[in-house]
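Taking it in order: structure first as structure tokens, then the write-up.
Chain A is the first sequence line, chain B the second, and so forth, proteins listed ahead of strands; every chain is numbered from 1. Keep in mind that this is a model prediction, so the values were computed, not measured. All values below come from the heavy atoms of this structure, side chains included, with hydrogens, waters and symmetry mates left out.
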Number of protein chains: 2
Amino acid sequence: MSPAQRHPTMNDVAERAGVSQSTVSRTLRGVASVSPEVRARVEQAARELNFAASRYAASLVTGKTGVVAVLVPTLDSWFMGAALSSLGPLMRDADMELTMYVVPDLDRRTAFFERLPARRNADALMVFCFDLTKEETARLDELGMPVIYVSQHVEGRPSVYVDDVAGACKATRHLINLGHRRIAFAHTTNARGFSFSSRERLLGYQQALTEAGIPLDDDLVVTTPPRDKRGTTQAVGNLLSLREPPTAIFAEQDELAASLILSLRTVQIDVPQRISVLGFDDQLMAEWLDLSTVAQSPTDMGRKAAELALQLINDPDADRSRHIVLPTHVIPRGTTAPPPAPQGEQDTGGQASGPARP
Amino acid sequence: MSPAQRHPTMNDVAERAGVSQSTVSRTLRGVASVSPEVRARVEQAARELNFAASRYAASLVTGKTGVVAVLVPTLDSWFMGAALSSLGPLMRDADMELTMYVVPDLDRRTAFFERLPARRNADALMVFCFDLTKEETARLDELGMPVIYVSQHVEGRPSVYVDDVAGACKATRHLINLGHRRIAFAHTTNARGFSFSSRERLLGYQQALTEAGIPLDDDLVVTTPPRDKRGTTQAVGNLLSLREPPTAIFAEQDELAASLILSLRTVQIDVPQRISVLGFDDQLMAEWLDLSTVAQSPTDMGRKAAELALQLINDPDADRSRHIVLPTHVIPRGTTAPPPAPQGEQDTGGQASGPARP
DNA sequence: ATGAAAGCGCTAACAT
DNA sequence: ATGTTAGCGCTTTCAT
């Protein structure tokens, strides 16, 4: 009602409780050496005045801010939502505030690294999902606080991530083991530097192919803007118009996989009978669509990141280059199957090296 | 490298630049009355020392924190992700920090309202998507800062929301206009108090039916836990086993609509030929699935909320009970169609009042 | 166990 | 245009 009402201070509480301000401070911070009677009086007074201590005044003295800063490219994704929904409450439980820097474009990214607004105003910074340049990493090193890299790994810095390379490799092997030889890789074109995992997954895909002696073919690697129906359709078009089209597509994300499947079904190409599709993430939609995919757990990632951050904040001697690698799991569902028998040759056993041609 | 390095202070900068600390303060805050030469020297010194001012020390003096607190039930949803991805950068542009309170369960909710950790540590609070009790609202009134309610409306308090009632009403009318009379409403069982819109949408649905003279039927209102495949299947089962099953289902969210469609198609019930399905949200998946739905824009909501918050912070005389209502739009796509001709009576024109029975 | 006093790093009067 | 000074609301010695 009265917008200009001043917040009560510790002095107000002290006065009301008939004690010194130091005693109020001690009481409210739970210091042991306060007699029960005094403690009760102080707590009562604080309650009556609806008193809350200013973190800012405290942090001025202690040098700790009680804040963890989080740098994210966006919040509008399955991964970020899940990771932060697990991280947030854990921070709250540790009585830490979470301040969020949402940096969706290059301009704001530049501004962030120029000013480093978190500097001096947080006890640690968690950087999510960025593909940082050497300069940016170096800049963060000067921040004067622990920086935890999440969903990416940076040499010699604390990092929490899933092994995207291994996950993608396992995924591709699954397709190879089913008999596929023409396997496409579909990924989204993120603005440069905004996606770490995408690149890693491509590496894993290539590794599995090489391992199996299947030559890499750039025509099988297609790209589309994120969440763009038309882009997906075009990518599908590119694959379907190859001389030797793929019998399987490994999509870097479930979302993209879903879009690909819809696009394929539009032109009556059955999944998985004609083309197998495999995703990455195992988000909710994967179960709905019965989509084969590679599972990762952003929830675990958020938790591990929270634990690591708290440890680095509280223990100056903690290992500052620890990497925590989380596992991935191939989840075979209904969108992957062996490739169709080669065209024109019914029942041809053995040699499963792509559709025969005239 | 040296974790214990002290941050430089304004005094350090002042000394290095050979000016007083006030001048440093003035320079860095962009106060006009600083001569260009001095300004240059100070900026140089600040850069050399990698100096950043402490917001905390400043806010101690100014009484402003430069922080907007955000209370959210979760970040793991399309709506929250989109809304905060729009809100976050705008706050950044206004040089405001965003601190996030993620309160996913009742325990943490209770704890939040008990301690009100935002108190004294933010200039405004934005509350998202909660269905608050009178007591909780009253508690927030005592917070001593503007509280903006987003995606919900609270009498006499600044609020930003879409008109869920009207949206749901329009949606239901669309189905009625197509000829449907047996229209189900499907909603998710959120933990009590964690969803405002769900309730409102039910109201809109009921309003449209009443308006059209169609009697309400509790059997047509089904419920399922969020994101629960089994729950959805069960809800579908309940509807399909009615004496007079619905010819259309209005789902309170796209996500639920999608799940319903998959469940229906599993048992070969064609959508929309046999049953129409209509969602609410118009999130990305709606376009993919060609889902008819009611569009709302969390992006706009985030923007409006940001603007309102900044206004209330900066202008003490601003209207503190302003409601901003955003529009909804019915987006007819491929999952709604007229109901099938009554069973057993081919080509029966006119009277479209549900399937005929023996 | 409690109180007095100093000071954290800034901003905002007030001087000049 | 710049410097001086007095706090902002806490925590933390240091006394008692």
Task: Between C/dT2 (C1') and A/Arg41 (CZ): distance, integer Å - done: 11 Å

Task: Distance test, side-chain N/O of B/Arg26 to OP1/OP2 of D/dG3, below 4.0 Å - done: no

Task: Minimum heavy-atom distance between B/Val102 and B/Pro73, given as atom pair plus value - done: CG1-O, 4.2 Å

Task: Residue A/Ser33, side-chain heavy atoms: nucleotide from C/dT11, C/dT2, D/dT12 that is nearest - done: C/dT2

Task: B/Ser22 side chain, from C-beta outward: closest of C/dT2, C/dA5, D/dT5 - done: D/dT5

TODO: Please work out whether the ring planes of A/His153 and A/His323 are parallel, tilted or perpendicular, with thresholds of 30° and 60°.
DONE: tilted

Task: Presence of donor-acceptor pair under 3.5 Å, side chain of A/Ser25 and base of D/dT12 - done: no

TODO: Round to a whole Å and report the spacing from NZ of B/Lys64 to C1' of D/dC8.
DONE: 15 Å

Task: Below 4.0 Å: OP1/OP2 of D/dG3 and any side-chain N or O of B/Thr23 - done: yes

Open item on the list: If you compare every side-chain N and O of B/Ser20 against the phosphate oxygens of D/dT4 (OP1, OP2), does one of them come in below 4.0 Å?
Closed with: no

Task: Value in whole Å for how far the P atom of D/dC10 lies from CG of A/Asn11 - done: 8 Å

For residues 302-310 of chain B, please give each side-chain donor-acceptor pair under 3.5 Å, one per line with the distance, not counting sequence neighbours.
unit_1, atom_1, unit_2, atom_2, d
B/Arg303, NH2, B/Asp300, OD1, 2.6

Open item on the list: How many whole angstroms separate atom CD of A/Glu37 from atom P of C/dT2?
Closed with: 7 Å

Open item on the list: Looking at C/dT2, I'd like to know if its phosphate oxygens (OP1 or OP2) sit under 4.0 Å from a side-chain N or O belonging to A/Ser35.
Closed with: yes

Task: Atom-to-atom span, CG of B/Leu60 to P of C/dG7 - whole angstrom - done: 17 Å

Task: Partner of A/Phe128 by side chain to side chain contact (heavy atoms under 4.5 Å, CB included), out of A/Ile148, A/Val160, A/Leu87, A/Leu75 - done: A/Leu87

TODO: Please report the shortest heavy-atom distance between B/Val38 and B/Val19, naming the atom on each side.
DONE: CG1-CG1, 3.9 Å

Open item on the list: Quick check on DNA chain D: between B/Gly18 and A/Met10, whose nearest nucleotide comes earlier from the 5' end?
Closed with: B/Gly18

Task: Rounded distance in Å - NE2 (B/His7) to C1' (C/dC10) - done: 15 Å

TODO: Send over the distance from B/Leu49 CG to C/dG9 C1', rounded to a whole Å.
DONE: 15 Å

Open item on the list: Would you say A/Arg120 places a side-chain N or O within less than 4.0 Å of OP1 or OP2 belonging to C/dC10?
Closed with: yes

Task: For atom CD of B/Gln21 and atom C1' of D/dT5, their distance in whole Å - done: 11 Å

